[in-house]
Amino acid sequence: MPVFATWNINSIRPRLEHLSDWLRLRQPDVVMLQETKVLNDAFPREAVEDLGYNLAIHGQKTFNGVAILSRGPLEDVTTSLPGEPEDEQARYIEAVTTLNGQVYRVSSVYVPNGQEVGSDKFAYKLRFFERLRQHAERVLPQNEAWIMGGDYNVAPEPIDVYDPKGLDGTVCFHPSERAGFRALLYGGMRNAVRCIHEEERIYSWWDYRERAWERNHGLNIDHLLLSPAAADRLRDAGVDKDERAKDKPSDHVPVWCDVA
């Protein structure tokens, strides 16, 4: 069964050893990375290709950056999300790949954090969700097996945050953001992890500050969204929490799913 995964690596160069070790251990077929934080020519392409992956990269210096790694060929690559043509931030990449004769559409998404409720950056975040919804509205009628993985910077439900009452209305758990995410689900996408673990408290991110990891003060903000054609084949999903316990880790951990 092909394994699809998403991981906000929080800078590819200092985490390359962690990424390489995890690729050898997990053996995923497709990986969507976010926050690579390098221009395309600075991406450690050779190290990743030596592990058997083809690459599609949309980089940006110091900030953002997304990539797709696949054991199959990557074709029809696009690095822009319709809706805001002047947007130069490297936050979206999409491609078509073939694994064992089956064609999949795969996307790596890095939704803006939003910084502060009411700010221009928060408004940009809400527009980004609307652009994703409109794009999904165009793609889903094609009935493709589509996996859209990424750091969505939103915890959709109270079970996805360590303190639902205290965090209600804050960035990453604001009603407007949650509505933007739910719109993708109402449109037909399915959250892979929640299809398998409906009521389990699962986190994918722990802040570096205030001993959040040690206290398990996390948020579930990294998601794999599946089109109906992909969700019908879903067999398992989860998070590789142990990656957060390593020395100098990303503050996010990989989220994965098996699709038959």
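For F63, the CZ atom counts as loosely surrounded, since its 6.0 Å shell holds 12 or fewer non-hydrogen atoms of other residues, nucleotides or ligands. Within a 6.0 Å radius of CD in Q142, other residues, nucleotides and ligands contribute more than 12 heavy atoms. Counted within 6.0 Å of CD on E49, heavy atoms from surrounding residues, nucleotides or ligands total more than 12; the atom is thus considered enclosed. For R138, the CZ atom sits in a packed shell: over 12 heavy atoms of surrounding residues, nucleotides or ligands are nearer than 6.0 Å. When the shell of 6.0 Å around CD of E214 is examined, it contains more than 12 heavy atoms from other residues, nucleotides or ligands. The environment of K246 atom NZ is dense: over 12 non-hydrogen atoms of other residues, nucleotides or ligands sit within 6.0 angstrom.
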Begin from the C-alpha positions of T97 and E75 and carry the test side-chain hydrogen bond (donor to acceptor under 3.5 Å, both in side chains) through to its verdict. CA-CA 6 Å; T97 191; E75 302 173 319; over 6 Å; no
Do W256 and W7 pass the ring-ring contact (aromatic ring centres under 6.0 Å, His included) test, and can you show the C-alpha distance, the side-chain angles, and the key distance before you say yes or no? CA-CA 9 Å; W256 54 269; W7 193 359; over 10 Å; no
Full working for side-chain hydrogen bond (donor to acceptor under 3.5 Å, both in side chains) between S11 and E35: CA-CA 6 Å; S11 194; E35 276 204 280; over 6 Å; no
Apply side chain to side chain contact (heavy atoms under 4.5 Å, CB included) to V106 and W146, showing your working. CA-CA 6 Å; V106 291; W146 181 26; 5.8 Å; no
Decide side chain to side chain contact (heavy atoms under 4.5 Å, CB included) for H217 and Y203; before the verdict, give the C-alpha distance in whole Å, the side-chain angles of both, and the deciding distance to 0.1 Å. CA-CA 9 Å; H217 283 185; Y203 304 138; over 6 Å; no
Evaluation steps, side-chain hydrogen bond (donor to acceptor under 3.5 Å, both in side chains), between Y92 and N64: CA-CA 10 Å; Y92 188 85; N64 306 324; over 6 Å; no
Test side-chain hydrogen bond (donor to acceptor under 3.5 Å, both in side chains) on W205 and D222; report intermediate values, then the result. CA-CA 8 Å; W205 174 86; D222 302 87; over 6 Å; no
N8/Y110 under side chain to side chain contact (heavy atoms under 4.5 Å, CB included): CA gap, chis, key distance, verdict: CA-CA 8 Å; N8 181 323; Y110 179 39; 3.8 Å; yes
Could you walk me through whether E177 and V171 pass side chain to side chain contact (heavy atoms under 4.5 Å, CB included), step by step? CA-CA 8 Å; E177 300 165 288; V171 168; 4.1 Å; yes
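For the pair I68 and A95, the tightest heavy-atom approach, listed with the atom from each and the gap, is CD1-N, 4.0 Å. Taking every heavy atom of both residues into account, P254 and W22 meet most closely at CB-CZ2, 3.5 Å. Residues P158 and P164 share a closest heavy-atom pair of O-CG, 3.3 Å. In this structure, L185 and N191 approach most closely via the heavy-atom pair CD2-N, 4.1 Å. When all heavy atoms of D29 and P2 are compared, the closest pair comes out as OD2-CA, 3.1 Å. For the pair F4 and L224, the tightest heavy-atom approach, listed with the atom from each and the gap, is O-CD1, 3.7 Å.
Linking ILVMFWY side-chain heavy atoms closer than 4.5 Å, directly or via other members, places I159 and V239 in two distinct hydrophobic clusters. With hydrophobic clusters built from ILVMFWY side chains whose heavy atoms lie under 4.5 angstrom apart, F122 does not share a cluster with L81. In the hydrophobic cluster analysis, where Ile, Leu, Val, Met, Phe, Trp and Tyr join through side-chain heavy atoms closer than 4.5 angstrom, V193 is grouped together with L226. Note: the hydrophobic cluster containing L51 also contains F43 (ILVMFWY, side chain heavy atoms under 4.5 Å, direct or indirect links).
Looking at R131 and D87, a side-chain N of the basic residue comes within less than 4.0 Å of a carboxylate O on the acidic one, giving a salt bridge. Between E94 and R105 a salt bridge is recorded (basic side-chain N to carboxylate O distance below 4.0 Å). A salt bridge does not link E130 with R127: none of the charged nitrogens is closer than 4.0 Å to a carboxylate oxygen. The pair D251-R244 does not meet the salt-bridge criterion, since no charged nitrogen lies less than 4.0 angstrom from a carboxylate oxygen. A salt bridge between R194 and D160 is present, with a side-chain N of the basic residue lying under 4.0 Å from a carboxylate O of the acidic one.
Exactly one residue among V154, N220, N113, V111 makes a side-chain contact (heavy atoms from CB on, under 4.5 Å) with C172. That residue is N113.
Under the 4.5 Å side-chain criterion, counting only non-hydrogen atoms from C-beta, L234 is not in contact with D232. Between R235 and V259, every side-chain heavy-atom pair lies at or beyond the 4.5 Å cut-off. Side-chain contact between L99 and Q102: absent, with no pair of heavy atoms (C-beta onward) separated by less than 4.5 Å. Under the 4.5 Å side-chain criterion, counting only non-hydrogen atoms from C-beta, T78 is not in contact with I93. With a 4.5 Å cut-off on side-chain heavy atoms, T36 and V66 do not count as touching. Within the 4.5 Å cutoff, the side chain of I147 has no heavy atoms near those of the V30 side chain. Using a 4.5 Å heavy-atom cutoff, the side chains of E157 and R178 are in contact. With a 4.5 Å cut-off on side-chain heavy atoms, Y162 and R201 do not count as touching.
Side chain of T6 to backbone of G150: a donor-acceptor contact under 3.5 angstrom is found. At least one donor-acceptor pair closer than 3.5 Å links the side chain of S204 to the backbone N or O of I221. In this structure a side-chain-to-backbone donor-acceptor pair under 3.5 Å is missing from R71 to N54. Within the 3.5 Å criterion, the main-chain N or O of R13 finds no donor-acceptor partner in the side chain of R15. Remark: the backbone N or O of A237 is paired with a side-chain donor or acceptor of H197 at under 3.5 angstrom. In this structure, T98 contributes its side chain and P73 its backbone to no donor-acceptor pair below 3.5 Å. Side-chain atoms of H252 do not come within 3.5 Å of backbone N or O of W206 as any donor-acceptor pair. Of the possible donor and acceptor atoms, none in the side chain of R133 sits under 3.5 Å from a partner among the backbone N and O of L184. In terms of modelled atom types and a separation under 3.5 Å, the side chain of Q27 and the main chain of R24 share a donor-acceptor contact. Of the possible donor and acceptor atoms, one in the side chain of D163 sits under 3.5 Å from a partner among the backbone N and O of G166.
One finds the CD atom of Q115 at 10.0 Å from the CG atom of D120 (value rounded to the nearest 0.5 Å). The distance from the CD1 atom of I57 to the CG atom of L74 is 10.0 Å, given to the nearest 0.5 Å. Taking CG from D151 and CG from L33, the interatomic distance works out to 12.0 Å, rounded to the nearest 0.5 Å. Note that the CG atom of L167 and the NE2 atom of H174 stand 13.0 Å from one another [nearest 0.5 Å].
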